[in-house]
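No hydrogens, no waters, no symmetry mates; every other heavy atom, side chains included, goes into these values. Note that the coordinates shown come from a computational prediction; the quantities given were computed from them, not determined experimentally.
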Amino acid sequence: MWELTKSFRFEAAHALPGTTRGGASEEIHGHSFRAEVTVRGAPDPATGMLLDLGVLERSLADVQKLLDHKMLNNVERLGAPTLENLSRFIWERLQSVGRITRVSVHRDSCNESCSYFGPQ
């Protein structure tokens, strides 16, 4: 069994009212995000690849366009712009790519990340 991980970055703004962090979170502010998508399986005997990285890159670029330089509070079907919802949102848009086992979203400057492993 193999796992293949590809990442992409995006810059985005959000506001998170009602957290214990108070005013700083409630005001519009931005972050640099890094998302990692992991697929699992066995390589195709003919190609030697678990997944054609070109296919994965095109799908990641489509998701990146939805998030990069956006106000996350306004992204349709995201919900509250938390790390949890971002990782689920990305997962849902990439289901057709392959057997996704994990989507992680990182805010490296805050030393924070969240991983989503799919619906229960």
Side-chain angles (χ1 to χ4, degrees):
M1 189 64 59
W2 285 258
E3 283 189 332
L4 179 66
T5 301
K6 182 77 177 162
S7 63
F8 67 96
R9 295 181 181 275
F10 61 98
E11 309 290 327
H14 68 163
L16 288 171
T19 73
T20 57
R21 292 184 173 173
S25 287
E26 293 177 1
E27 297 295 326
I28 295 171
H29 60 283
H31 295 283
S32 296
F33 293 91
R34 178 172 51 92
E36 294 179 337
V37 176
T38 302
V39 295
R40 177 181 286 176
D44 180 298
T47 65
M49 295 184 289
L50 173 62
L51 177 67
D52 183 331
L53 284 174
V55 171
L56 183 56
E57 287 172 359
R58 283 193 297 275
S59 296
L60 294 180
D62 291 341
V63 174
Q64 184 183 32
K65 282 185 214 174
L66 296 172
L67 301 171
D68 194 35
H69 288 86
K70 299 292 193 280
M71 177 62 177
L72 296 177
N73 298 68
N74 299 332
V75 173
E76 190 174 329
R77 295 192 306 239
L78 175 58
T82 62
L83 290 172
E84 294 86 347
N85 282 336
L86 280 165
S87 57
R88 177 199 42 81
F89 178 86
I90 293 167
W91 175 291
E92 289 173 351
R93 270 127 202 92
L94 295 174
Q95 284 186 11
S96 64
V97 170
R99 188 171 158 210
I100 298 173
T101 58
R102 179 179 61 246
V103 172
S104 300
V105 178
H106 303 261
R107 283 193 304 235
D108 293 324
S109 64
C110 300
N111 299 311
E112 299 169 338
S113 67
C114 181
S115 295
Y116 181 67
F117 296 90
Q120 298 274 333

For Glu92 and Arg77, what are the C-alpha separation, side-chain angles and deciding distance, and is it a side chain to side chain contact (heavy atoms under 4.5 Å, CB included)?
CA-CA 10 Å; Glu92 289 173 351; Arg77 295 192 306 239; over 6 Å; no
Mind checking whether Asp52 and Thr47 have side chains closer than 4.5 Å, heavy atoms only?
no
Do Val63 and Val37 come close enough that some side-chain heavy atom pair is under 4.5 Å?
no
So which atom in Leu4 and which in Leu51 form the shortest heavy-atom distance, rounded to 0.1 Å?
CD2-O, 4.0 Å
Does Arg34, at its CZ atom, have more than 12 non-hydrogen atoms belonging to other residues, nucleotides or ligands within less than 6.0 Å?
yes
Would you give the length of the straight line joining atom CG of Leu67 to atom CZ of Phe89, rounded to the nearest 0.5 angstrom?
5.5 Å
Thr38 side, atom OG1; Phe117 side, atom CZ - distance, nearest 0.5 Å:
8.5 Å
What heavy-atom pair brings Arg88 and Tyr116 nearest, and what distance separates the two atoms?
CA-CD2, 3.8 Å
Common cluster, Leu53/Val103, ILVMFWY with side-chain heavy-atom separation under 4.5 Å:
yes
To the nearest 0.5 Å, atom NE2 of His106 lies from atom OG of Ser32 at 13.5 Å
Do Val75 and Phe8 sit in the same hydrophobic cluster, where Ile, Leu, Val, Met, Phe, Trp and Tyr count as joined when their side-chain heavy atoms come under 4.5 Å apart?
yes
Separation between SG (Cys114) and CG (Asn85), nearest 0.5 Å, reads 9.0 Å
Determine the minimum heavy-atom distance between Asn73 and Pro81, stating which atoms define it.
OD1-CG, 3.6 Å
Residue pair Trp2 / Pro43: nearest heavy atoms and the distance that separates them
CE3-CD, 3.0 Å
Step-by-step side chain to side chain contact (heavy atoms under 4.5 Å, CB included) determination, Asp62 to Arg93:
CA-CA 9 Å; Asp62 291 341; Arg93 270 127 202 92; over 6 Å; no
Can you tell me how far apart CD (Glu76) and CG (Asn74) are? Round to the nearest 0.5 Å.
11.0 Å
Of all the heavy-atom pairs spanning Arg40 and Thr101, show the shortest one and how long it is.
CB-CG2, 3.3 Å
Please tell me whether Val105 and Trp91 are part of a single hydrophobic cluster in this structure, the criterion being side-chain heavy atoms less than 4.5 Å apart.
yes
To the closest 0.5 Å, what do you measure between CD (Glu57) and CD (Gln64)?
11.0 Å
Ala35 to Ile90 - nearest heavy-atom pair and separation:
CB-CD1, 3.8 Å
Describe, in one word, how the ring planes of Phe33 and His14 are oriented to each other, choosing from parallel (under 30°), tilted (30 to 60°) and perpendicular (over 60°).
perpendicular
